[in-house]
Amino acid sequence: MALHSDEPMKEQIELTDDLVAIRRHLHETPELSFKEVNTTTFLANKLRSLGVEVLDTSLSTGVIGLIEGEYGGPRVGLRADIDGLPVTEESGVEFASRNPGVMHACGHDIHMTSLLGAVEWFASHRDRINGSLKIVFQPAEETGRGAKSVVDSGAVDDLDAMIGTHNNPDYTPGQLAVGVEPMMAGCVKFYVDLHAEGTHAGYPHLGTGPLEAMASMILSLQTIVSRNATPFHPLVVSVTEVHGGDVWNVVPAKAGFLGTVRYFYKEDSQLAERRMRAIVEHTAAAYGISADFRWDDFQDPLVSDSYLAKAVAKDVPNYADLQPIHPSMAGEDFVEFSKVCPVAFAFVGSNGGPDHHGLHSPKFIAKDAAVKTGAEFYINAALRVLDEVAF
């Protein structure tokens, strides 16, 4: 791919009252993954009001729009995720969630509004589009399955590149991080089910209860990072759910636990699986019980295409403050689009205050100003990528 223009991309937009109102409406009305019915309707209506074609797809939720430029060329996707989380909001903002037990605790309301701001700009600047843009409002990012549903639908088979963002409260609005380094971790779900001989709690010697074995396993798993993995590679092993027993005077016959592993290097995932499997199997044998072990390495680490990331990053100082990437151990299913085409991804500053709360916290607050930063990244990155992938 050759660079077709040496002119910097430096478009900026105004953070209008309309955009702020959209952001706050979306924040007030979050919906869970694959249940974003009202959000889908709202976004589709907004696209149509801007003169953007809404495409028919097999998706049950989520919206895909198409903006044709005035000149022929490649097709680039712009993606924002749309789902909320099963979190009860405690942010204290006046536009807090009105849907009990559901919150945009990951800032997807910022992503949607930023993309709508970019769409509004492109809808009135079609002469700047050398090709076409697919606007992808993707469902169910929080499940790790939403991007795959879009890919499996065939709706992005025709893309030459895809651009995405995620707000990051560790950066302030106006700051952007984009580059060639790994950005978000690969994700594993693991499951362990233990099978033993239950018995009366007063006669433990007559059974082979699983609880002691489970406790030993959970403690031993912590040695994978501390004693097996290189300290130069980030790796996380977290047990997040345990279950076993129903009554105070019975040693149960079954127990189990599950959790997640996060990694940036595939060999670390493979190491963690080998060690975890050995710990579970050998500990079970030592306690005279059996164990079922399942390992679901369902999401790869997110790394931007190096060529596109470098090209896009060169423009950022013209409209925002380019920052180094601080990798996140959270996952991001945007990586699924890299199986279809090259991708470019950025962190968008959304808070940066000294006492801010992190993603998924019930007290998480993203600032309205992040909408402007995100929209400008979508606009300038799309212009640059269209130029870079042109034939």
Side-chain angles (χ1 to χ4, degrees), residues 13 15 19-33 36 38-40 42-44 46-47 61-65 77-85 87 95 97 102-122 133-144 146-147 150 162-171 173-178 183-184 302 304 320 328 330-337 343-351 358-360 364-382:
I13 69 163
L15 182 60
L19 283 175
V20 172
I22 288 170
R23 182 268 161 126
R24 296 187 174 196
H25 166 77
L26 289 168
H27 190 86
E28 288 177 332
T29 57
E31 296 176 292
L32 295 176
S33 304
E36 314 96 329
N38 293 327
T39 304
T40 293
F42 179 84
L43 294 169
K46 283 294 179 184
L47 291 181
T61 56
V63 184
I64 298 182
L78 304 179
R79 173 269 204 171
D81 37 15
I82 71 174
D83 53 330
L85 283 159
V87 172
F95 52 93
S97 171
V102 187
M103 176 188 175
H104 272 304
C106 206
H108 294 184
D109 52 321
I110 293 290
H111 305 168
M112 289 184 277
T113 312
S114 295
L115 185 48
L116 285 174
V119 169
E120 183 175 10
W121 189 91
F122 279 117
L133 298 171
K134 265 197 173 173
I135 310 303
V136 179
F137 287 104
Q138 176 213 303
E141 186 276 333
E142 296 295 353
T143 68
V150 175
M162 177 68 100
I163 296 166
T165 68
H166 203 294
N167 83 94
N168 188 319
D170 295 334
Y171 302 88
Q175 293 182 330
L176 280 169
V178 59
M183 299 189 73
M184 302 188 80
L302 174 58
S304 292
S328 169
E332 169 55 81
D333 74 353
F334 181 80
V335 69
E336 287 292 324
F337 296 113
V343 300
F345 196 81
F347 289 142
V348 176
S350 61
N351 192 302
L359 300 173
H360 293 207
F364 170 77
I365 298 175
K367 297 181 179 179
D368 290 332
V371 170
K372 174 177 166 66
T373 313
E376 289 171 354
F377 177 77
Y378 279 125
I379 293 166
N380 290 287

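The figures here come from the full heavy-atom set of this structure, side chains too, leaving out hydrogens, waters and symmetry mates. Just so it is clear, the structure is predicted and the values come from calculations on it, not from any experiment.
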What residues form a ring pair (Phe, Tyr, Trp, His ring centres under 6.0 Å) with [X], not counting sequence neighbours?
X: H25; result: F42
X: F334; result: F337, F345
X: H111; result: H108, H166

Exercise. State the CD1-CD distance between I22 and E120, to the nearest 0.5 angstrom.
Key: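 Between atom CD1 of I22 and atom CD of E120 there are 7.5 Å.
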Holding to side chain to side chain contact (heavy atoms under 4.5 Å, CB included), I want the full list of residues that pass it with [X], two or more places apart in sequence or in another chain.
X: A330; value: M184, S328
X: D333; value: R79, Q138, E141, A147, Q299
X: I365; value: S91, V93, N351
X: S97; value: P30, E89, N99

Salt bridge (charged side-chain N to carboxylate O under 4.0 Å, His left out) partners of [X], counting only residues at least two apart:
X: D83; value: none
X: E336; value: K339
X: E28; value: R98
X: D170; value: none

Is the side chain of [X] donor-acceptor paired with the backbone N or O of [Y] at a distance under 3.5 Å, no angle test?
X: S304; Y: A344; value: no
X: D109; Y: R24; value: no
X: S350; Y: K367; value: no

Practice problem: Locate the shortest heavy-atom distance separating V348 from A370; write the atom from each residue and the value. | Solution: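 Minimum heavy-atom contact is CG1-O, 3.8 Å.
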Quiz prompt | T165: partners by side-chain hydrogen bond (donor to acceptor under 3.5 Å, both in side chains), with sequence neighbours left out | solution =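 T165 satisfies side-chain hydrogen bond (donor to acceptor under 3.5 Å, both in side chains) with Y378 once adjacent residues are dropped.
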